[in-house]
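These notes concern the structure reproduced below.
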Amino acid sequence: MGRYVKSCRYNEKALGATRLAFLVADGSHWYYFDSSNWGTPVLLGTSGFTATNVLLGDFVGDKKTDIMRTTPSGIWKVSESGRGPWQVLNAFGGSGDSTPLADLRLGNFDGNPRTDIFRRGVKNNGEVWWQVSFGGATGWHDLVKTTVALRTIRLHDFDGDGLTDVFRIKPEGKWMIHWGGLEDETWRPIWNDPDDMPVGNLGFADVNGDGKCDILASRQPWG
């Protein structure tokens, strides 16, 4: 959503509901607006990072949104609820990880409440795999060998089972889903789009609140 703003889900335990929120990271402060009161920003703290420098997920498992970043040496760090100090989430045995933040994706591949981190990794033998770091705290675990480019897929829960699925579009508008991104599954067709819209013209959100990700289409690419 741009250099300064990212959308997220904010859990308000007192209300027992999850609401849409926007984190604003302007390079000097973090604060957020949520749908209970759009007009009143809530200051989280000071920060030298903009929204493009961070990822948002629940890396602690307390149903609150945390803020994650990488260091120049490849160490992953997290600020709990955006209020706590930076703590090491994963140092990869002290060697760090070279994957750029822009090539990391978030999901839930094991049913644990902590957010997992997903990438398209290339092995020493040249094989390309979808890989996941569970809770952002483990090494890379292989999911399935792939030839699909990262920019062409989207990660969401389309069947409401709590696990992240992988969506892509094949030629002639064939919408395909890889349920759970797991090795024992294959691409399953779900719909043929007669307009053959590119994936960049699709938006993804649970519009009707049934726990399943819905797909929205636009004549223009989503920002």
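All values reported here derive from a predicted model rather than from experimental measurement.
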Legend entry - From CA spacing to verdict: side-chain contact (heavy atoms from CB on, under 4.5 Å), Ile153, Trp130: CA-CA 11 Å; Ile153 64 175; Trp130 289 339; 4.2 Å; yes
Inset, instruction - Output yes when Lys170 and Asp193 qualify as a salt bridge under the 4.0 Å nitrogen-oxygen rule, no when they do not. - result: no
Inset, instruction - Mind listing the closest non-hydrogen atom pair of Asp214 and Val207 along with its distance? - result: OD2-N, 2.7 Å
Legend entry - N-O pairing of Glu80 and Lys64 below 4.0 Å: no
Legend entry - Expected output: side-chain Asp66 to main-chain Asp58 donor-acceptor under 3.5 Å: no
Inset, instruction - Search all heavy atoms of Leu104 against all heavy atoms of Thr99 and return the closest pair with its distance. - result: CD2-CG2, 3.4 Å
Inset, instruction - Classify the side-chain pair Trp140/Asp97 by whether it contains a donor and acceptor separated by less than 3.5 Å. - result: yes
Inset, instruction - Mark yes when over 12 heavy atoms from residues, nucleotides or ligands other than Asn125 sit less than 6.0 Å from its CG; otherwise mark no. - result: yes
Legend entry - Atom pair CG/NE2 of Leu43 and His29 - distance to nearest 0.5 Å: 6.0 Å
Inset, instruction - Determine whether Asp195 and Arg219 make a side-chain contact, defined as any pair of heavy atoms from C-beta on separated by less than 4.5 Å. - result: yes
Inset, instruction - With Phe167 as reference, evaluate Trp191, Trp175, Trp187 under the ring-ring contact (aromatic ring centres under 6.0 Å, His included) test and give the passing residue. - result: Trp175
Inset, instruction - Using the rule that two of Ile, Leu, Val, Met, Phe, Trp, Tyr join whenever any of their side-chain heavy atoms come within less than 4.5 Å, decide whether Leu163 and Phe204 are in one cluster. - result: no
Legend entry - Polar side-chain atom of Thr164 near backbone of Leu155 as donor-acceptor pair, under 3.5 Å: no
Legend entry - Donor-acceptor contact present, side-chain Asp142 to main-chain Val144, <3.5 Å: no
Legend entry - pair Trp129-Lys145: side-chain heavy atoms closer than 4.5 Å: yes
Legend entry - Residues which pass ring-ring contact (aromatic ring centres under 6.0 Å, His included) with Phe109, listed by chain and number, not counting sequence neighbours: Phe118
Legend entry - side-chain contact (heavy atoms from CB on, under 4.5 Å) evaluation trace for Lys123 with Gln131: CA-CA 11 Å; Lys123 295 194 172 187; Gln131 296 177 320; 4.0 Å; yes
Legend entry - Heavy-atom pair with the smallest gap, counting every atom of Gly84 and Ser79: O-OG, 2.7 Å
Inset, instruction - Decide whether Ile215 and Trp179 are clustered together by the hydrophobic rule: side chain heavy atoms of Ile, Leu, Val, Met, Phe, Trp, Tyr closer than 4.5 Å, transitively. - result: yes
Legend entry - Rounded distance [0.5 Å steps], CD1 in Ile190 versus CG in Asp159: 10.5 Å
Inset, instruction - Flag the pair Met68 / Ile117 as yes when at least one side-chain heavy-atom distance between them is below 4.5 Å, and no otherwise. - result: yes
Legend entry - Check: Arg168/Thr152 side-chain N/O donor and acceptor closer than 3.5 Å: no
Inset, instruction - Tell me whether Val60 is reachable from Leu55 by hopping between hydrophobic residues (I, L, V, M, F, W, Y) whose side-chain heavy atoms are closer than 4.5 Å. - result: no
Inset, instruction - Not counting sequence neighbours, which residues clear ring-ring contact (aromatic ring centres under 6.0 Å, His included) with His141? List them please. - result: Phe134
Legend entry - Hydrophobic cluster identity match, Val78 and Leu101, side-chain contacts under 4.5 Å: yes
Inset, instruction - Identify which one of Ile67, Asn90, Leu106, Thr65 satisfies the side-chain contact (heavy atoms from CB on, under 4.5 Å) criterion when paired with Phe59. - result: Leu106
Inset, instruction - Search all heavy atoms of Ser81 against all heavy atoms of Leu44 and return the closest pair with its distance. - result: O-CD2, 3.8 Å
Inset, instruction - Rounded to the nearest 0.5 Å, what's the gap from CZ on Arg105 to CG on Asp103? Could you check? - result: 6.5 Å
Inset, instruction - Measure the CG-CZ distance between Asp165 and Phe158 for me, rounded to the nearest 0.5 Å. - result: 7.0 Å
Inset, instruction - Flag the pair Arg154 / Val199 as yes when at least one side-chain heavy-atom distance between them is below 4.5 Å, and no otherwise. - result: yes
Inset, instruction - Using the rule that two of Ile, Leu, Val, Met, Phe, Trp, Tyr join whenever any of their side-chain heavy atoms come within less than 4.5 Å, decide whether Val166 and Val128 are in one cluster. - result: no
Legend entry - From Arg114 atom CZ to Thr138 atom OG1, the distance as rounded to the nearest 0.5 Å: 11.5 Å
Legend entry - Which atom of Met197 lies closest to which atom of Ala217, heavy atoms considered: SD-CB, 3.6 Å
Legend entry - Nearest heavy-atom neighbours spanning Arg69 and Asn53: CB-O, 3.8 Å
Legend entry - Cys213 vs Asp157, side-chain contact (heavy atoms from CB on, under 4.5 Å): CA-CA, chis, key distance, verdict: CA-CA 6 Å; Cys213 185; Asp157 179 8; 5.6 Å; no
Legend entry - ring-ring contact (aromatic ring centres under 6.0 Å, His included) partners of Trp86, counting only residues at least two apart: Trp30, Phe49
Inset, instruction - Give a yes or no on whether the backbone of Gly74 and the side-chain of Thr70 come within a donor-acceptor separation of less than 3.5 Å. - result: no
Inset, instruction - Go through the steps for Ile169 and Leu202 under the test side-chain contact (heavy atoms from CB on, under 4.5 Å), then give the verdict. - result: CA-CA 11 Å; Ile169 302 176; Leu202 302 180; 3.7 Å; yes
